[in-house]
Each structure stands twice: as C-alpha cells, then as structure tokens.
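For reference, the structure discussed in these notes is given below.
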Amino acid sequence: MQGENQMASVGAPTTLGGSKWIMATDVEGTTPPSDILNFTRDQSDEEDSHDQNAGWRNLLSFVGPGFLVSLAYIDPGNLETDLQAGANHGYELLWVILIGLIFALIIQSLAANLGVTTGKHLSELCKVEYPPLVKYCLWLVAEVAVIAADIPEVIGTAFALNILFHFPVWAGVLLTGSSTLVLLGLQRYGVRKLEMLIATLVFIMAACFFNELSYVKPPASKVLTGMFIPKLSGNSATGDAIALLGALVMPHNLFLHSALVLSRKVPRSVLGINDACRFFLIESGFALFVAFLINVAVVSVSGTVCSSDTLSSKNTSRCADLTLNSAAFLLKNVLGKSSSTVYAIALLASGQSSTITGTYAGQYIMQGFLELKMKQWKRNLVTRCIAITPSLIVSIIGGSSGAGRLIIIASMILSFELPFALIPLLKFSSSATKMGPHKNSIYIIVISWFLGLGIIGINIYYLSTGFVGWLIHSSLPKVGNVFIGILVFPLMATYIVAVIYLTFRKDTVVTFTDVPVKHTTSTAVEHGYGNSGKSPERLPYREDLSDICLPE
C-alpha cells in the first residue's frame, strides 16, 4: 500500500515522445505559475536543437560499461563451446547463439536500467529485499558463478602458454595465478591503454576468424537455416546448447552491469533517466552485436572446416575432440605457419581481459551482499586460487581434453545458476516499488519472462533427464546407484523449490520514492527544471564505484 500511495501521488506514467514521464500535478489545485510555462514554451525550439547536437556527446559520456561487460561474451568459455558446437553439429546450433545474444541484450539492458533508476546494483537490492538465509544463499551461488566463469579463463590462459612456450597444461594453470596479478599491477600504469591493447588482441583473433570465414565460404543457406530454424539432433545437442547458453548469458554479468552504470552521473529528471537508459541500450546493443558476429564466425569456421571432405586424418581426429588447445589449425588457411602464435596471443588476451570483468563482478557481489570490500588483487587472488584447484586436478588427470571438457562443465554450471540472478532482476525491474514509472513495459515483461522461463525449463529438463539417464546406464553397482540417487534427488528438488520461491515470492521492500513539488508543470519535470522536493538534482552518485577503470 505504501508503494501504491507513493505512485498515486506522482501520477500515472504517460507516454510522450516515446518515453515515460511523470504527470506532476499541483496538489492544492492551483494554477502553475506562468513564468515556468512561458520558460518551457519559449525555450523548447532552442533545447531541441541543442539536444540534437549534444546527443552524440552525451552518448559517448555513457560508453564503457557495455563494452566492458561484452568481453565476457568472447571469453575462452565462449570460444570453447562455439568450437565444439560447430565441430559436432555444424551450423545447427547457430539459433542458440542468436536467441542467447538477443536475450543477453534484453537482460543486460534491464540490469543497466535497474542500476540507473534505483542508484543501487542488483546485489544490494537482493540484500535489502530477501531474508538473511535467502540472501546468504544467493551470495554463495553468485560467488560460485564467478568461480565457474573464471575456470575457462584459467584453462584458456594455460592453453595459450602451452602453445607459445610448450608448458604443460598443468604448469600453465599454476602460472595463471601470477599472470592475473601482473595484469592488475599493470593497471596502475595506464589501465585504459592496457585494456585497449587487450581489446585489440581479442579483435585480432576475431579478424582471423572473419578472414578464414571468407576463405572457407560456408553455404549461406545452411548458415541462415541454422540461425533461424531451431533444431536439436544427436545425443549431445541438448548439452551443447545448454553450454552455449551458459557461456553467453552469465549470471555474474547481471550483477556487474547494474554496478558499472553507477559510475556515470545521471540527472534526476525523468528525461535524464530515460536518456541514460537509452544510451546504455545503444552501447550494449552495438557491443553485443560485435560479440554475436564473432561467435557466429567461430561456429561457422569450425563447422565448415570439420565437415570438409578434404580434411586430413590428423585434423579429423582433432575435430572429433576439438579444444582451445588444438583449434589453431582452423586458421592455417589464412595465417599459415604463424597461425598457432597469433591464435595463442589472442587466446591469452581473451582470457586475461575476461579476468577484469570477473574481478569487478566478484568485488561488487561481495560488497552488495555482505557490505565487505576487498582490494582488487586480494579478491582476484582468492577467486583465482579457488578456480585453479579443479582446473589443476583435471589437467593433471585428463590432460588437454579433460581441461577442455571442464570448460563445458563450467558453462553448464553457469546456465544452471542463471535463475538465481535472472529472476530477482526480472522482478525488480518490473516492480513499481523498485522502479516507479521506469518499470518494464508489459511487452518487455512478457518477452523477458518468456525467454527466461524457457531457459530455466530447459535447464530443469536437462538436469532431470540427464541424471536419470546416467543412473539407468551407469555401470555402478545397484547399491551405489541408490546411494547417489538418495543424495542427488533432494538437491534437484531443492533447486526446483528455490526457483519457484524466487518466482512467486512477493516483493515487500519499497525503494522508489518521489514526492512532486508544488507549482511544477509536467513539462518542467520532464526536462528536469523541477523535481521532487526530497530528491537531489542528480541520482545518488556512487563514489565507491567512481574509480572503475572504464574507457573514456
């Protein structure tokens, strides 16, 4: 009732010029002063011209968060799942990438809108909204997601060192702990130049795959068919599709994006908030479109080369078990003997650049849920040491192929953990008590929940059927199967109950407050000349986030 009364005092959101604005009324029924009316009317033409000229400058001032977040969409985990999807299924899973990136754009923009409107990032709102037990469980799941996202960076860096210097994979895994500390140390001497160098190296690899794509010339009809006609054929298709989604839509990215946007100063007016949300959407759309093209190129190159009739027996065996460590041969048509070196350098850059996003995400997750803040190098060292442990064990026992399969498993873990970040985001961004007049439209609510519940349903279906199938075909004794079933089935039931709880639990905490000022016209509020008497001229500026190293 409190949220409804506040919303009633503000007035119903009205559409004007494609944006939502607040119809502020005079609570005493008096006529707004003529000087404000004349001011807004006389200045309108001049402001429109000024806004058109300043539009691009305003957009550039908001550039940064979306591009930093997009690095996670071209990290070693994405490359590994793309390569295996192309080698195993050709172009059939391109539709997963299309849907995944469209969904990623929607939820990343929702995360940005949430941060801009509320002045808090997602983990802070979860801390306020949920009871202590749920809060700590969500924090633990988010930390596991950061670790699972860091495993592909560890293994990708180890593969790059193996290709460049012929280090064993297990030795490369150990060296990744020191490499990330060196990276964070170099940030002190010019982080923007360093990030530009990393981005350049990553796009070198993208250019290589684009050039290879023009050389192998995949059939356009098959590429378009795979992109727009959903199909899952083969025993591993569902698992590869879930791994693709897990590598594309990462739960820790939602926490990260909602925090990164708080490093930008946004006017308190409705127009200022709407402009900021629009600018962040444009930036994220461009960055994710580039990531989409790179992912499609990798899948298409892998699918075309591995399905070629002229493939040698050696490369045929490589395609049968394609990993990041053995994928350099895909670029030999373009780069020749230097393909391995260029591929390894770009792979190293991909892993290290993604480390930056994981470090920031872990920092803000810990800060939001627990109100703790660690130095970046300490936070990164703790996360990296935890991620090194399974990577080291698997690389020693299973070698390169085992490490490659661990990347797929880590991507699937991310996909299964997605609901615990996605559901709170969808509920908060659609809530008037959290977002006020800036809450999601009914169309965004329907689309986002439809896609979100679809992914969650696929995960639950694969989790249940996959485990049951494994039990049926397992070679373990019956006693062992019974023991594993008694242990795992309650965990699966707990997972489903937790998803249902988050979905249907009613939000109770009101974070959006706005009380209109007397004698303020709707036009004045829309353009920021008047705002709430209890509100500052700008949204709360987060000094704790102002030192984020973003491109200018």
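Counting only heavy atoms from C-beta outward, the side chains of Val296 and Val299 never approach each other to under 4.5 Å. For the pair Ser415 and Val249, the minimum side-chain heavy-atom distance is 4.5 Å or more. Considering only heavy atoms from C-beta on, Val290 stays 4.5 Å or farther from Ile74 through its side chain. Contact of the Val154 side chain with the Asp150 side chain is registered, since non-hydrogen atoms from C-beta on lie closer than 4.5 Å. By the 4.5 Å heavy-atom criterion applied to side chains, Leu245 and Phe103 are not counted as neighbours. Two residues are said to be in side-chain contact when any heavy atoms from C-beta on lie closer than 4.5 Å; Ser302 and Asp82 fail this criterion. Ile455 is not listed as a side-chain neighbour of Phe450, based on a closest heavy-atom distance of 4.5 Å or more. Looking only at side-chain heavy atoms (C-beta outward), Phe428 and Ser258 stay at 4.5 Å or farther from each other.
Taking the side-chain contact (heavy atoms from CB on, under 4.5 Å) definition, one finds that Phe228 meets it with Leu98, Leu224, sequence neighbours left out. Under the side-chain contact (heavy atoms from CB on, under 4.5 Å) criterion, Ile445 pairs with Ser430, Asn440, Trp449, sequence neighbours left out. In this structure Cys277 satisfies the disulfide (SG to SG under 2.5 Å) test with no other residue, sequence neighbours excluded. With sequence neighbours excluded, the residues forming a side-chain contact (heavy atoms from CB on, under 4.5 Å) with Val144 are Glu417, listed by chain and number. For the side-chain contact (heavy atoms from CB on, under 4.5 Å) test, residues two or more places apart in sequence or in another chain that qualify with Ala498 are Phe420.
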Working for side chain to side chain contact (heavy atoms under 4.5 Å, CB included), residues Leu248 and Asn78:
CA-CA 7 Å; Leu248 286 170; Asn78 287 103; 3.4 Å; yes
Applying side chain to side chain contact (heavy atoms under 4.5 Å, CB included) to Glu153 and Asp75, what does each step give before you reach the verdict?
CA-CA 7 Å; Glu153 276 79 63; Asp75 71 343; 2.9 Å; yes
Applying side chain to side chain contact (heavy atoms under 4.5 Å, CB included), run through Phe255 and Phe369 and close with a yes or a no.
CA-CA 11 Å; Phe255 295 102; Phe369 280 108; 3.8 Å; yes
For the pair Thr81 and Asp240, evaluate side chain to side chain contact (heavy atoms under 4.5 Å, CB included) and give the outcome as yes or no after the intermediate values.
CA-CA 7 Å; Thr81 53; Asp240 289 342; over 6 Å; no
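Between the CE atom in Met227 and the NZ atom in Lys222 there is a gap of 15.0 Å [rounded to 0.5 Å]. Here the straight-line distance linking atom OG of Ser448 with atom CD1 of Ile107 works out to 9.5 Å at 0.5 Å rounding. To the nearest 0.5 Å, atoms CG (Leu418) and NE2 (His252) are separated by 11.5 Å. If you take NE2 on His121 and CG on Leu254, they are separated by 13.5 Å, rounding to the nearest 0.5 Å. Here Leu256 contributes atom CG and Met250 contributes atom CE; the two are 11.5 Å apart, rounded to the nearest 0.5 Å. In this structure, CG in Leu331 is found 6.0 Å from CD in Glu212, a value given to the nearest 0.5 Å.
Between Leu406 and Pro390 the shortest heavy-atom distance is CD2-O, 3.8 Å. Across every non-hydrogen atom of Leu213 and Ser300, the tightest pair is CD1-CB, 3.4 Å. Of all heavy-atom pairs between Leu324 and Gly156, the closest is CD1-CA, 4.2 Å. Taking both residues in full, the closest heavy atoms of Leu232 and Ala237 are given as CD2-O, 3.8 Å, listed atom of the first, atom of the second, then distance. Taking all atoms of both residues into account, the shortest heavy-atom contact from Glu143 to Ile365 is OE2-CG2, 4.0 Å. Across every non-hydrogen atom of Pro419 and Leu502, the tightest pair is O-CD1, 4.4 Å.
In this structure, the side chain of Thr304 does not engage the main chain of Val301 through any donor-acceptor pair within 3.5 Å. Put simply, the side chain of Gln84 gets close to the backbone of Leu322: a donor and an acceptor are under 3.5 Å apart. Remark: the backbone N or O of Lys231 is paired with a side-chain donor or acceptor of Trp95 at under 3.5 angstrom. Judged by distance alone, with hydrogens and angles left aside, the side-chain atoms of Tyr91 form no donor-acceptor pair with the main-chain N or O of Pro219 at under 3.5 Å. Glu80 places no side-chain N or O within 3.5 Å of a backbone atom of Ile407 that could act as its donor or acceptor partner. In this structure, Asn211 contributes its side chain and Ala207 its backbone to a donor-acceptor pair below 3.5 Å.
Tested against Leu426 for a side chain to side chain contact (heavy atoms under 4.5 Å, CB included), the candidates Leu110, Ile106, Leu453 yield a single pass: Leu110. When each of Cys126, Ser123, Ser429 is checked for a side chain to side chain contact (heavy atoms under 4.5 Å, CB included) with Pro424, only Cys126 meets the rule.
In the displayed structure, Lys135 atom NZ is contacted under 6.0 Å by more than 12 heavy atoms of other residues, nucleotides or ligands. The environment of CZ in Phe489 is crowded: more than 12 heavy-atom neighbours from other residues, nucleotides or ligands sit within 6.0 Å. Other residues, nucleotides and ligands contribute at most 12 non-hydrogen atoms within 6.0 Å of the CH2 atom of Trp170. Counting non-hydrogen atoms of other residues, nucleotides and ligands closer than 6.0 Å to OH of Tyr501 gives a total above 12.
The side chain to side chain donor-acceptor pair (under 3.5 Å) analysis of residues 96-115, with sequence neighbours excluded, yields the pairs Tyr73-Gln108, Gln108-His257.
Checked by atom type, the side-chain pair Tyr461/Thr238 shows no donor-acceptor distance below 3.5 Å. With 3.5 Å as the limit, one finds no donor-acceptor pair spanning the side chains of Gln367 and Gln363.
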